[in-house]
Every structure is written in C-alpha cells, then in structure tokens.
Amino acid sequence: MTNFELQDELHALQDLETYEIEHDHDFTSEEPEALLEAAVEAVADSSDTIADPEVFDVYRSLLKHADKVPGPIMNKLLDSLSSGLQAELDATIRDIETGDTHTYMPHKTPLEMYAFLLSWFVSAAEKVKSSADDVPAPAKAKKGRGGKAATGKGTGRSASKKNTENVWTWEEQIPNTLQLICKVLRLQTQRIWATTAERDTFVNCITRPAYHLTESEAFMKVNDIKMSIFKVICLAVKHHGQSMAVQITIMQSLQFYEHLSEAMAECLTILAREFDHSQLGDDILREIAGKTFSGQDAKSPRTFAKFLVKYAEQCPRSVLKQLSLLLNQLDSESYPMRQAIVEIIGFLITDLANSETTDQKQTTKQLTGLFNLLLERILDNSSYVRSKVFVVIAKLFNITSFKFPKIRLQATTAAVGALDDKNASVRKAAAALLVQLLLTHPYLVPFGGLLQREMWEAEYKDKVERLEKIEGSVGNVVQNAEEEAEGNTEEGKKKKKKKSKKSKNDDSMDVDDEIDEEDEEEQTGGDTEEDEPADSQMVLDEDEDRDTPKKLSKLQPRKSQLDVNALTKEQEALAAYDEQEIQQLRMQKKYSTDALTFIDQIESAMEPMCKLLGSTNKAEVLEVMEFFKVAHAYQFESAKEGVKKMLHLIWTKDNSNSTSEDGQELKGIRRSLLEVYRNLYFDPIADLDAKEQINRITKNLIERTYEATLAELTSLEEMMRIMMEEGHIHHDVIAKLWQVYSKERQLPKVQRRGAIIILGMLALAKRSVLSDKVDVMLKVGLGPLGKADPTLARYTCVALQRLNGSAKKVKGSLLDKTQRIEMDNAIFRKLQIAILHPSRTKEWFGMAEQTINAVYALGDHPDVFCNEVIKKMTIRAFSREKKPAVPAATESQEEEEGAEKDPDAMVEDQPGDTTFVSAADVTMQDATQATQDSNDRDLGEAFELSQLLFVVGHVAMKHIVYLELVEREWKRQKDEKTAAEKLANKSQKNAKDKEGEELDQVVGNAEDEIGDRIAAVREQELLYGPESLLAVFGPMIVHICGSPHKFKNRTLRAAATLAFSKFLCVSSQFCDQNHRLLFKILETSKDANIRSNIVIALGDVAVSFSSIIDENSNELYKGLSDKNFVVKKNTLMVLTHLILNGMIKVKGQLGEMAKCLEDPEPRIADLAKLFFTELSTKENAIYNNLPDVISHLSTGDHALDEEKFQSTLRYIFTFIEKEKQAETIVEKLCQRFRLSEDPRQWRDVAFCLSLLPFKSDRSVKKLIEGLQFYRDKLHEPKVYERFTEILQKARANKSKDKPDTELDEFEKILEEHKLQGQEDQALEKRVEGKKAAAKKRATRKGELSTTGLDLSFN
C-alpha cells in the first residue's frame, strides 16, 4: 500500500461512519475468524506484509465493525499486531545500525500502519461484542476535548472480576502493549521521519493509546498499567520533544477527568526524578498559576487543587521555585484552590525544616515567611480554607527537627480565637490543633512536661531572683540584653480565674490504715473540705523584681563620671561569674516566660471549650473531649471543670460509630466519654502495687462527688450504673468504699458522704452492693455519725431506696418488681429516730425528704410510719416547754442583719434538696420571738413548726404516688383473678362466647371501679376525711400562708408555702378553693426563693389539674418578667414543659416567651431558643401563633424596641419553611397595613414580610395583590427599603415560573407610589403651614380690630 498517509488516515478516522475501506468485509456473510487467520499468518511470515492492501484492510474491517466481532478474535488481532510491530521494530533497528538510508526507509510505512491500527484498536475495544448477549458492552464516556472518548468503568478490573466469563476485557494485554510502545519510542525517529511534522504525527499516533487509557479510571487503578503509561509519556517528552503536546494533554485531562489529578502529578514526579526533566512540571505550574478559576465551577478547581497538592508533596522543591506565581491563587474565587495553596505551603515548610542546610538563618527566614502566610489564611472567608489551615499547622508541629517557638505561641492564639468561629469544622480543627500543641510542646524541663502554672511561676521567680542577685553584685556593668523579656514577664502576674478548693497534693484521702495521728488531726480540723478555705495561691509580684534595676538605670552616672576603683571592683566581681552561666539564666528566664504565656493561652481556651461540649456536631464534641483529657494529663487546673462538664454527655443518645467528613471513623460520644473517664480515673498506673491502685481509684471515685451539683450527680449516677453493668468496677474498689464509709476514726465529712453516694449509684446496676451491708448503713449513716451530719444521713437514705430494686416500670404494665419490707424492720426504727432527732440546720430538710422517700420506697405500710412521725412532731412543735434563754441582743441583731442582707440565703445549691432553708434562720435564736407577741399567744416554735409543715407537705405528695401504686397492685390482682376465671371457663365444654364477652365487660367495669375508688380517696378523704391526719393541717397551712403579717419567720413562710403547693396537687376541690392564694403569694412575695418554688409547684399542679391552671395561665406568664434570674428561668422551664406536653393551651402569650430570646442572660436566651426549636416540631404551632406574637411584640405596653423586635422575629421566622404557610402569612400581613396608622407598625410589618423566602410565584402574586393596603405607606423610607429587599429576593429565585414581567411592573408601581406618597406628604405639610399662617393672620386681625374699637371709644 504505497499511498498510505498517516495524517490523512487519522483525520478520516474521526468520522468512522464515512471512513472508507477499499476491501471492506461484510461480517454478516463472512466469518471474521477465518479472515483474521489468513491475515495473521501473512503478518507472521513477514511483518512488512501489513503494507499489503488486502491484509491491511482485513485488520481495518475488523476494527471498524468491532461491535460485531467476538472478544477472543479481538485478542488474537491484538496479539498479531503486537508481534508484527515487534518484528518490524527489530528489523528497523537492525537496518538503522547499517546506516543505509535505502535499507531502513522502507520500514516507515509499515511502522505507521502498525501505529495506526494499534491506536484504532484502543478506541474500538470499547465496542467489542460480549460473549454473552445479555451482558451490555462497557458504557462509552463523554468525549473530551480533542475527541477522545473515555473507556467505561465496566472495563475495569473490578468489573472483570465480577463477570469474568461474560464481559470481554483486554486488561491483561495492556501492560505488554504499552511496553511495546515504549520500545518504539526508543527508536531514532529522526532518522526515518525527516520532517518534524511527520515525526510528531507518528509519535502522537503511537502514544495515543496511552493517553486514551488514562481516561479510564478503572485502568488507572491498576499499578502496572499506570506505571507503563507514565513511562510512555516520559519517553515521548524526553526523547521526542513532546513537552508542549504533553502539557496541553495534561491540562485538558485535569480539566475533564478528576481521577487524573494525582496521577498526572505522579507522572511529572517520575519525569523529574527518573528522566531528569523538571521543565514540564515548571511549565504546567506556571500555566495553572495564571489560570482564573470561577467560584461557581465546582469540578475543575477541585481537580487542579488535588494535582497541585500531590505534586507539592512529591516535588516540593519544584513547587517552591514557582511559589511566587502560585500565591496569586490565594486571591482566587474558588476555595479549593486556596485550600490547595495552604496545603502546598505546609509541604514546603516540612521539606525546608527537614532539609540539611548550611544557611540556617535563611531557612528560618523562609519558614517564618511561609508560616505567616498560613496564619493570614485563618481570616479566609471560606470555612473550608480556615479549617484546612489548622489541620496543616497541626501536622507541622509533628516535625522534630524544628520546634518553631514563636510560631507556636502565634498558632495557639489563633486557635483559641477560632473556637468562637461560626463553623463547626473550623472549631473542630482549632481544638485538634490545641491538642497537638499540648502533645508536642517543648517545655519539658524541669517538670517532665507538666504544665501546672504554680510550678512554672516558681521556676520563673527563681530565675529572676538569681539573675537579680548576679546583676546586683556587679552593679550596673552587666546590662540586661533581653528587652522583650520586660514585656513578656507581665504574663507572670496573671492569676487563674478558677481554682479548686483544694490542690491535688492536699487532697490525700484517708483511706489507708497507716495514717499518723498528726495527719488525722490536720484532716479533721475543719468541718468539711468544702468548708475549708483553699490554700493561698502563689502570687508572683514581678513589679518588685523589675523596679530596682529600672531605678538604678535612671540614676546611673555617665561613663566619664565612673569611679575607676569601683569599676575595677565590679570587673573583678563579674569575673567571678561565668558569662555562659549568666547567658544560660537569661535563656531559662525566657524559656519560663514562654511556658507561662503558653499556659495562659491554653487556660483561656477552657471556657469556650466547655461551651463546645454542647455542640450538635459529633466530631467537634469528640475533639473537645480529647482536649480536656490531654489538658488534664498535663495538670491544667481548669481542665478539671471541663472534665466535670463533660459528664453530662452520658445522656447523649448517639452511641454508634460513624464517619467524619474527612473519612475518619468516629466513635459514639457516650462510648468515648466512658473511655476518657476510665483513662483518667480508673485505668491502673504503672509502678503502683495493687493496694495503691485500689486506693487511687477509690479516691478518684469519691472526689467526683465533691461540690457536685444535682445535675452532675445525676449524670455521674448514670455513668456509674453503666460502668458497673459492664464490669469496670472491681469488687476490691467496692470493699474499699465500704471501708471509707464505715471507718470509726474521724474522717473529713465529704469523704464519707462521697463513699455512700458512689455505693448507692453502683447499686442501681447491682443491688447486692448494698443488700449485704444494710446493717453498716444503719449503724453509720443513721447512727451517731448520721445524727451529727444530716447530709450523710440523707445520702444513706438515698442508698437505702435502692434496696427495692431499680427496675423501671413499663408503660401500661401492671407488673411491679419492687420489693417491700415490713414496718417492724430495724430500718424504719432507725429512719424514725433520724427524722425525729432534734436538729436546727438547713441540712435537716434534705435528710427528712429522703427519709420519707425511703419509707415510701421500702415500706409495705408507709402511712403507719408517717402517722406516728407527724403526731410526735406536732406534739414537739406545739408543746409549751421552757425555751432556753435568748442570746445577747447584739448576737440577735447581727443575725437579723444577716437575714436582711442575704435575702437569697434560703436557696442553697445543695444537690438533692427540694426545699431550701435560709442560712440566717438555721440557728433560730429568734425563732420563738418571730412568732410570739407580748401576750405569748402562739404556742408553737417557728423552726419546729417549719419542720412539721415540711414533713406534712412531703407526705401528702408521696402519698399520691403511693395511692397510684396501690391502684396498680389492685388492678394486677384483679387481672390475675380474671385470667384464672377465664381459664376455668375455657375448660367447661358448654361455655358460650356471649358469656366471655360479658366477662370482659365485667373486668372493664371492675378496673374502672378501682380507679374511681382511688380517685375518691385522693379527692375526698386525704384532705377532707374525718379520719385523715392531713386534713388537720390543711386549714392551718392556708392560714399561715394567708397571714404573712402574723407569721414573719422566713423559714416558716417558705415551708408553709411549699406544703401548701403540695396540698394543691392532692385534691381538685382543695385546689379550686385555694389556688388563688398561691397566685397572690406569687404576685406579692418579696422573697425570690418563695416565688421560684411556687412557679415549680404550679407546674406540678398543672399536671394534676390542668384546667384550673389553664384558666389562670396569665399569672404564670408574669414570672417571665420577674427581675430575679432563678424565678425567670424556672418559669420558662415550667412553661416549656407544660406547653410542649399539651398541658396548657397557648392563648396569645407566646409573645412573652419570644421576649426571652433577647434576654441579656445567655442561659435564658438559650432556653427560649430550645423551646421554639422544640415547638417547631409540633405541627403548625409557630405558624398558628405568629400573628399574635407579632402583635404582642409590636404594639402596646409590652412592645419591644425595633432592634430587639427585628432580631426576635428574624429567629422565629426561620421556622416558617412551608411555602403554603408563607403565602398565607403574606396575605395576612398585607391586610395589617390597612388597620394600622402608626409608622412603627408599618415598619414592623414590612420587616416581617421581608423575612419570608418568596420562593414561589404565588407568594409574589399575593404580595402584588395586597398593593392597595400598603401603597399609601411607601413614602416611609424603611417600608420602601423592605419592599426593595423583597424584590431582590424574588428575583434571585431560580424557579421556572418566576414572574419577571410582573416583578418589573411591580417595581415601577412601588416607585410611583413612593413618589406620590412623598408628594402627598409635602402637600399636607404645605397645607398645614398655610393653615397655621392663616390662623396667625386672623389672630392678628382680631387684635388690631379690638385695638381700633378701644381707640374709637376713647
């Protein structure tokens, strides 16, 4: 075939349909296998036979009709082409070596033909017919630039494994084919192809299969294929001058094929390292640096970014040379490109820091510059870039060869600041960086890496004193060269905001038998650890350290005035000190200063970190937990607060593993929390024997209860239950806890309390923890120690309650697994002694509450116990025993003053207390005086009466619960009896279905009868029955609560109000008669604690008798405007509970709840946001009440100022998501314009309209239809501005039905009415001005005429 032109054939092949073959074959009538067999034999005999037109056309025909050719024949065709090309190549190389042109030039055409067929085969392989008809051919990818089509993913290795027998693939032949192409590229092509154009055409043709294969992601995952392709490309560039062509191809590949981003970077790396050709990489970097990436393009920038990052990782030096150009991409609109530059800078820093260089100063300068570039990107407007910066910096601090001391402090400051970032991924990355900074910090000497501030302050002070001593001895000769240290030492003055009551070293627990008497006396010297003041913290006064040198320097004489003798002496003194020692001290001082600065920076992160524990982002919470764990290990005092707050995460429902955005597996939050606590407090420490390990774990457990709030104890209880269930608490630890609890020797009170608290918690999972030690509890907690410490008795009662089992009741089930004890048991005798033991401390109330709880939890007849206790307390309270003499007047006056100064003293944040008693009233020196007049008519004693009323109230409340248990037990017994009767009836042969139905009705009636009987007891007998003991106290409590002028003792009033509140929950009749008194006390009481208790009680009353509270709900809402924080918070919580559970209806008061969204107290605002978030889950709840909320906040006495109104409504409108709701709201708001004459209301309504999304054309049409209502208000600037915003929002909508024409027309109408309104306003002003002028003239005329009359009369 003499007329074969490679360029023309390649061009013609682009349109396969019109491509003509002279000797084309029809495979419908001819067998392709037979045709190929003849051609293969001809080529095998002589490789240049390919030039025979008939042989060549057989190959072309098979390739053109590849969709009709079976796969095995295509394999054979490729083998034939490969062997023919190999033979032709070998012959060509031999002939070239002879040097005879006439000998090797004839090989030109066969080589071109083989290259042409091989190139064609790669594209034809996609269309090859499968051996099974039901298996589709691999999908053909979109054509990229240059007409190259990607092979489908179905041809990949994974697909071939799944359908090996069905889908044809040539994957196994690809590496050998590419190796053959590499051999061809080693040919001296310039000898055969004289012109550059011909040579380039051949090289492009022979390398095209490699480029074509790169388009298949599946093939590029096969390492052999990938490396062979890279070799082909590298040979083309190195030996055939294909740099420009390859550059264009790579840029196009990056543009269209995302999977080639990292592959092309690897290719350029191989080209630079193995083929010593880095120029192409430089050219591509320069081209990318000059490209402009749009922020709207999501795919292309991401691919280029991956390429840059991979190339920078593998060839950092090449990228460093082009960095000045690449930095322009930091201004790119596309954030993936900015992210890539950040990562590149990280790789460059790593490379520079790890490289060996002679010019250390230059390297440091480069590193500082690159770090500064990184830190600047922390202010990037994309959260992805900001988080990437922190991730990169965190990796850099793993470098061991460079410590970056100054950069560390800058990075720490930046990370702490980023904890307030609005994006969770940025906050998470910042927290991870802080963890990394702690783990890699350089301050290892002299404390082994610990970062306790007190130790470092002492170290700093020591170095300062030693330096001053040296400098003082040599006078003014030695000058301090560290100017920056003067500024940095200010850090030493900072004091920690939060200190625990006792340092770790002072917290040694008395759990061992071997304790010196001196230590014992020292520990028991105070009442409790929480009562003892903390040891005074070390205060570093650096001003004194620096004042002396400064003053000396001011008084220092000039050199010309120095005394020569003095100078000589000073020089001798200086010689006594080693200059190296002085320099070392200065360096150590600077080192300590940096350490203190770092510690202060980490301390400043503690507070925002604590807030982040409440984040909804799982990855962020886990990172914060890791931070507190690491900070605690380095002995940061503030970390203890974070570890304590972390405890509340035990209630997190998410306990399953998940995957983060960056592909990392995330553990469940609760599981991670348990691991953190085990790591900190339970895992054994090396070098400790078994006894010391047990003591340490016991000490840690007990310390968790110190100063814990009720919420913290509840969370700790859940954690202890889980850990006990999972077997993480060793039985030796439990034994040690009992040892601490029962030790006869005097111990700090908090230790003994902590031991029984933990034991009670563990018993939730395993009751035997307590059941074997009941006698110990009675002896210790309810014995002499319990009498001396009511709080210990209280927690012992809590533990006793766990004896009845902790099985939770299943809703609707009649089964009761609790165990009851007979009333003659020693437990109840001890409980009675405990509650009747005379006590005048506030702790008694908490102990009494838990005693009653224990009786009702354990006793089979708790009413018997309570009857006896109430009677004895009544006798004691109203007996006329002689009282001890009242102490001196001065002492009584001091107490009264204390009571006046401390109005909130009654609320003590004591865990578990329901009632809080005034500290001022605890000693009760003035108790009788407060309730007695001069005639001594009141027979009672105020404090004992308070105790009595408290017990009576709590018994009433617990008895309601007990009646419910009785009802359930009766129903269970009835149910068992009925089931037995049914079984008996079934055994009778003549039983009828009708009788069975009647029996079911009887059972239903019996259950109703039981319910009615219990309800009657509660309603009529408890507070009104002639035999009821509680009925005696009802009128008394009402009288005390209704007569505050008679009963002035604050403790008595608080106890009476609490008892009154509990009585209201018992009977609807009592509640109906007296609930107005409770509202009156809520309105008039000046004691915030009483108001707070009433608000909580009203929630309980609403649960019992919702209709009564629903009628008076307005009174409850008044608590939201209370000045006291606790009252307001409790009101908000109670209302949230009642509204969300449907116990009271919202009647237009939701506006008061909305006001709390802008409360200055963050906790109130957060609770309000939580309420509205939960309310939004109720169907249409916010939508239905929105008009009332807007009216409430916009008009009347309760209206908010405009700024607060807008921020409040902006939050509420985020819950209006349904388009149908938005349409209706548009219509309603437009009509409001008609009813209002106040410009303020116009502005408010217009603002609310602007908050709606206007996503549908119907919303816009409703707005246009309402034009008649607001057109005369458009002259108001703010109103017009809001409508302009609405127009912009409507135009930004990408809906197909967007009414553009109507919007344009609406805009013109708005402008017209705005101008008309302004003209009308101007006209009105002119008219009013003329009226005023006319009136003035008329007045003047009247005055003149009157004057004229006067003159005429004269």
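All residue numbers in this chain count up from 1 along the given sequence.
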Over 12 non-hydrogen atoms of neighbours within 6.0 angstrom of NZ in Lys1262: no

Nearest-0.5 Å distance that lies between atom CG in Leu1098 and atom OG in Ser1061: 7.0 Å

From OG1 (Thr1173) to CD1 (Ile1182), nearest 0.5 Å: 8.0 Å

Donor + acceptor pair across side chains of Glu1223, Ser1259 (<3.5 Å): no

Donor-acceptor contact present, side-chain Ser1067 to main-chain Phe1063, <3.5 Å: no

Main-chain N/O of Pro1253 paired with Lys1289 side-chain donor or acceptor, under 3.5 Å: no

Validation row: Arg1243, Pro1239 side chains within 4.5 angstrom (heavy atoms): yes

Atom CZ of Arg1258: over 12 foreign heavy atoms under 6.0 Å: no

Any donor-acceptor pair under 3.5 Å from His1137 side chain to Met1133 backbone: no

Separation between CD1 of Ile1212 and OH of Tyr1183, rounded to the nearest 0.5 Å: 15.5 Å

Test salt bridge (Lys or Arg N to Asp or Glu O under 4.0 Å) applied to Glu1161 and Arg1163, step by step: CA-CA 6 Å; Glu1161 174 60 48; Arg1163 285 175 288 180; 3.1 Å; yes

Any Glu1281 side-chain heavy atom under 4.5 Å of Glu1285 side chain: yes

Side chain to side chain donor-acceptor pair (under 3.5 Å) evaluation trace for Arg302 with Ser334: CA-CA 9 Å; Arg302 202 178 299 277; Ser334 176; over 6 Å; no

Nearest heavy atoms of Ala418 and Ala430, plus distance in Å: CB-CB, 3.8 Å

Aromatic centroids of Phe1283 and Tyr1270 separated by under 6.0 Å: yes

Contact check, side chains of Lys1155 and Thr1208, non-hydrogen atoms, under 4.5 Å: no

Short side-chain donor-acceptor distance under 3.5 Å, Asp1087 and Asn1089: yes

CE (Met1143) with more than 12 external heavy atoms under 6.0 Å: yes

Worked check of side chain to side chain contact (heavy atoms under 4.5 Å, CB included) between Val1134 and Thr1131: CA-CA 5 Å; Val1134 167; Thr1131 305; 5.9 Å; no

Donor-acceptor side-chain pairing of Asp1238 and Ser1236 below 3.5 angstrom: no

Leu1175 vs Ile1139 side-chain heavy atoms within contact, under 4.5 Å: yes

Inter-residue atom distance Lys645.NZ - Met609.CE, 0.5 Å rounding: 13.5 Å

Donor-acceptor contact below 3.5 Å, side chain Ser1106 vs main chain Val1103: no

Heavy-atom neighbours of Gln1268 CD exceed 12 at 6.0 Å: yes

Pi-cation contact, Phe1233 with Arg1271 (under 6.0 Å, within 45°): no

Donor-acceptor side-chain pairing of Ser1113 and Gln1149 below 3.5 angstrom: yes

Side chain to side chain contact (heavy atoms under 4.5 Å, CB included) between Leu1229 and Arg1232, worked out: CA-CA 5 Å; Leu1229 289 176; Arg1232 285 197 173 217; 4.2 Å; yes

Validation row: Gln1221, Phe1215 side chains within 4.5 angstrom (heavy atoms): no

Minimum side-chain heavy-atom gap Phe1172-Met1153 below 4.5 Å: yes

Donor + acceptor pair across side chains of Arg1053, Ser1085 (<3.5 Å): no

Verdict with supporting geometry, Val1101 and Ile1108, side chain to side chain contact (heavy atoms under 4.5 Å, CB included): CA-CA 9 Å; Val1101 176; Ile1108 295 173; 5.6 Å; no

Partners meeting ring-ring contact (aromatic ring centres under 6.0 Å, His included) with Phe1105 (sequence neighbours left out): none

Results of side-chain contact (heavy atoms from CB on, under 4.5 Å) for Glu333 - residues two or more places apart only: Ser294

From Glu1158 atom CD to Asp1201 atom CG, the distance as rounded to the nearest 0.5 Å: 9.0 Å

Audit row: Leu1252, Ile1216, side chain to side chain contact (heavy atoms under 4.5 Å, CB included) steps and yes/no: CA-CA 8 Å; Leu1252 292 167; Ile1216 304 298; 4.3 Å; yes

side-chain contact (heavy atoms from CB on, under 4.5 Å), paired with Arg427, selected from Glu623, Arg386, Glu620: Glu620

For Asp420 against Pro608, the heavy-atom pair lying closest together: OD1-CB, 4.1 Å

Flag, side chain of Asn1185 to backbone of Ala1181, donor-acceptor distance under 3.5 Å: yes

Sub-4.5 Å side-chain heavy-atom contact between Tyr335 and Asp380: no

Residue pair Ser1194 / Gln1241, side-chain donor-acceptor N/O under 3.5 Å: no

Main-chain N/O of Leu1140 paired to Lys1178 side chain as donor or acceptor, under 3.5 Å: yes

Side chains of Glu1152 and His1192, donor plus acceptor under 3.5 Å: yes

Parallel, tilted or perpendicular: rings of Phe1060 and Phe1070 (30°, 60°): perpendicular

Distance in Å, Arg1091 CZ paired with Leu1082 CG, rounded so as to fall on 0.5 Å steps: 8.0 Å

Side-chain heavy atoms of Asp1244 within contact of Ile1190, under 4.5 Å: no

